Chemist: 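Starting off with a structure, shown below.
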Amino acid sequence: MRPTIRGRLRACAAAGATLAAVAGSVVIGPTAVAHDDDLGPAIEAIMHKPGYEHAQWGVLEIDAASGKVIHSRNADQFFIPGSTTKLVTISSALHTLGPDHRFTTPVMATGTRRGSTLNGNLAMVAQGDLTMGGRTRPDGTVDYTDIDHTEASLPGASLTPENPLAGLNQIAAQVHDSGITRVNGNVIVDPRLFTPPALDPQPTPMIINDNLIDLLTTPTTAGQPARLTWRPQVAPYQVTSDVTTVAAGGPTNIQVSASPDGTRIALSGTIAADAQPLLRVSTIQDPNAFARTALIEALARAGVTVTADPTGPNPQDALPASYRGDPRVAAYVSPPYSQYAKLILKVSHNLGANLALCNMAVARGSGTCFDAFTIEHDFLADVAHVDPTQFQLADGRGGVASDRATPIGLDQILAYWLRTPYADAFRLSLPILGVDGSNGISCTTDCPAKGKVFAKPGTVLGLDELNQRIAVAAQVEAGYLLTDQGRLHLFYIGVTGASSPDLTSFIGIFNDVNQITALLQEQASAAHH
């Protein structure tokens, strides 16, 4: 138990409290758990397929306009939430920061100026910006792919086309435009905004390219070395590849290894000649040193010379106690937080969700990221009117073993947004069945519900060593069904305790849950016809 946890414990409302959940008359409370109804033969058939013999299902569907409970099964029970936790985290962050909030990362010039020479240091003061311009499109929106590079272990993971160093390039150009062409001193990243918490993945005040090196292998002809491209290319990182292209239909199996400091990366293995380019990643071990070197290199490209060695550790100890009186010579301004929220929800961005805790804590004057849970608790109880005891949460992304959520609690969060001016924008920030985000791969053809289910999926897998199978701790969905008549239903569907022979077969469980959401949408449309 963390020493400060008792200070964060709060008196909780009695279990079973009834809370208003949707605009008007809708109440999600005991009525939501009053029955365990028949979901129809098509859904029941899915729930009784092989692999679900020992599983437990949770279901809650509510007509948002009338408050009528359409379906309910185990709605008051705790389920492992997986990434549906992000609905709670990002809802709280959007309220705390505001959807229009922008992060401004300044560069301060310490020392003295003589003409175009700075005798001193440039300090880039990290502000917890998730992308630092590395995903920003020309129109100012944040780009994403359905399967993000942060999930490079999944088939189909791909890169956005934007330059991961774009924000640093903008900063470097601004430094040059300020009249500085030489720095007789150093470049330092100031990471004192918050203490990186013990979370996985660990959020840091300075993040470039999600703290990852992207490694893209493309096959050539059988018997020849595969082609490797990697980014961002920053000293002293070096990447080598011994991956060989094998005949079409042959095995594709690429391993990545790295030196303890992460700067020497090696790929080995094979890729089939008919395979799609395969993405892998390697972790940046020291984000501050990486960003420091990347900025020095960007400054050189912009015509600014820095006399300090561009590689090596970030000299944080040389930072001043404050920047009072020091001029700001550059700043990168992020897109609005609503764009980051959309990215996090669309692709289930784990780093961004954990970082949201730190962003909230900083917004309230704290450098301790776990202080965000007090903010989150108060948001649930006092703003969203959601019963906090419907959740047990210890991170921002849903990756801690103790995380739990009830279908009622998640539907309450979804209901809160319907009472706000941001209702449509929030719904459209969720993955859309058969269209984009994490659910873009399901319901793509011959599916009447395509484009009409807006939901956050959550997946928690483990290895069943005893039986050499995949243990599916959770595959869940929570979101909105849009009927063909334009009515919204809140829904939760989830399963815990399923089993799959391997990762490839697990996709069938993911698709089963999405198929149930599609059937629920069709049922709801037929009922309102």
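Every value quoted in this text rests on a predicted model; they were computed, and no experiment measured them. All residue numbers refer to positions in the sequence shown, counting from 1.
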Chemist: Disulfide (SG to SG under 2.5 Å): which pairs involve residues 322-378, sequence neighbours left out?
Modeler: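 Qualifying pairs: C358-C369.
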Chemist: In terms of side-chain heavy atoms, does Q202 have a donor or acceptor partner in D200 at a distance below 3.5 Å?
Modeler: no
Chemist: Is it true that D242 and T244 share a donor-acceptor pair across their side chains at a distance under 3.5 Å?
Modeler: no
Chemist: What pairs of donor and acceptor atoms, side-chain ones from residues 453-463 against any protein atom, are under 3.5 angstrom apart with sequence neighbours left out?
Modeler:
residue, atom, partner, partner atom, Å
K456, NZ, S348, OG, 3.0
T459, OG1, Q475, OE1, 2.6
T459, OG1, Q475, NE2, 3.3

Chemist: Find out whether L351 and T150 are in side-chain contact, i.e. whether some heavy atom of one side chain is under 4.5 Å from a heavy atom of the other.
Modeler: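 Sidechains of T150 and L351: no contact.
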Chemist: Under the ring-ring contact (aromatic ring centres under 6.0 Å, His included) rule, what pairs show up with a residue in residues 79-131, not counting sequence neighbours?
Modeler: F79-Y492, H95-F379, H101-F103
Chemist: What verdict does the side-chain hydrogen bond (donor to acceptor under 3.5 Å, both in side chains) test give for N186 and N121, after you've listed the backbone C-alpha separation in whole Å, the side-chain angles of each residue and the deciding distance to 0.1 Å?
Modeler: CA-CA 5 Å; N186 219 323; N121 302 323; 5.5 Å; no
Chemist: When you check the side-chain N and O atoms of T220 and T245, is any donor under 3.5 Å from an acceptor?
Modeler: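 There is such a pair between these side chains.
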Chemist: Looking just at side-chain N and O atoms, do H377 and D382 make a donor-acceptor pair shorter than 3.5 Å?
Modeler: no
Chemist: Indicate whether any N or O donor in one side chain lies under 3.5 Å from an N or O acceptor in the other, for Y144 and D436.
Modeler: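 Side chains of Y144 and D436: pair found under 3.5 Å.
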Chemist: Tell me, which pairs form a salt bridge (charged side-chain N to carboxylate O under 4.0 Å, His left out) where one or both residues lie in residues 224-233, sequence neighbours left out?
Modeler: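 Matches after skipping sequence neighbours: D214-R231.
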Chemist: Taking K346 for the side chain and L430 for the main chain, is one N or O donor matched with an acceptor at less than 3.5 Å?
Modeler: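 Between the backbone of L430 and the side chain of K346 there is a qualifying donor-acceptor contact (under 3.5 Å).
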Chemist: One pair to check against side-chain hydrogen bond (donor to acceptor under 3.5 Å, both in side chains): T406 and Q390. What are the steps and the verdict?
Modeler: CA-CA 6 Å; T406 67; Q390 300 292 328; 2.4 Å; yes
Chemist: Evaluate side-chain hydrogen bond (donor to acceptor under 3.5 Å, both in side chains) for R114 paired with N119, printing each intermediate quantity in order.
Modeler: CA-CA 8 Å; R114 177 169 295 180; N119 294 304; over 6 Å; no
Chemist: Under 4.0 Å between a Lys/Arg side-chain N and an Asp/Glu carboxylate O for R135 and D143?
Modeler: no
Chemist: Taking CD in Q276 as the centre, count heavy atoms belonging to other residues, nucleotides or ligands within less than 6.0 Å. Is the count above 12?
Modeler: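 Result for CD/Q276: open.
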Chemist: Consider only side-chain N and O atoms of D129 and Y340, and report whether a donor and an acceptor are under 3.5 Å apart.
Modeler: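 The criterion, which ignores hydrogens and geometry beyond distance, is satisfied for Y340 and D129.
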Chemist: Determine the interplanar angle of the F370 and F373 rings, folded into 0 to 90°, and report it as parallel if under 30°, tilted if 30 to 60°, perpendicular if over 60°.
Modeler: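 F370 and F373: parallel rings.
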Chemist: Applying ring-ring contact (aromatic ring centres under 6.0 Å, His included), name anything that partners Y332, two or more places apart in sequence or on another chain.
Modeler: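 Testing Y332 for ring-ring contact (aromatic ring centres under 6.0 Å, His included), a comparison that skips the adjacent residues, returns none.
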Chemist: Any luck finding a side-chain donor-acceptor pair between N211 and Q285 under 3.5 Å?
Modeler: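 No, Q285 and N211 have no side-chain donor paired with an acceptor closer than 3.5 Å.
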Chemist: Under 4.0 Å between a side-chain nitrogen and a carboxylate oxygen: does that hold for D371 and R364?
Modeler: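 A salt bridge is absent here (no side-chain N lies under 4.0 Å from a carboxylate O).
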Chemist: Might you point out which heavy atoms bring I171 and A331 nearest each other, and give the distance in Å?
Modeler: CG1-C, 4.3 Å
Chemist: For R292 and P310, indicate whether the former's side chain and the latter's backbone hold a donor-acceptor pair under 3.5 Å.
Modeler: yes
Chemist: Run the side-chain donor-acceptor check on residues 312-329: report pairs under 3.5 Å with partners two or more places apart or on a different chain.
Modeler:
residue, atom, partner, partner atom, Å
N314, OD1, V189, N, 2.8
N314, ND2, V189, O, 2.8
Y323, OH, D190, OD2, 2.6

Chemist: Quick one: do K86 and T89 satisfy side-chain hydrogen bond (donor to acceptor under 3.5 Å, both in side chains)? Show the steps, please.
Modeler: CA-CA 5 Å; K86 295 180 176 73; T89 306; over 6 Å; no
Chemist: Go through the steps for L267 and V239 under the test side chain to side chain contact (heavy atoms under 4.5 Å, CB included), then give the verdict.
Modeler: CA-CA 8 Å; L267 287 78; V239 181; 3.7 Å; yes
Chemist: Determine, stepwise, if the pair S92 / L380 fulfils side chain to side chain contact (heavy atoms under 4.5 Å, CB included).
Modeler: CA-CA 8 Å; S92 182; L380 291 171; over 6 Å; no
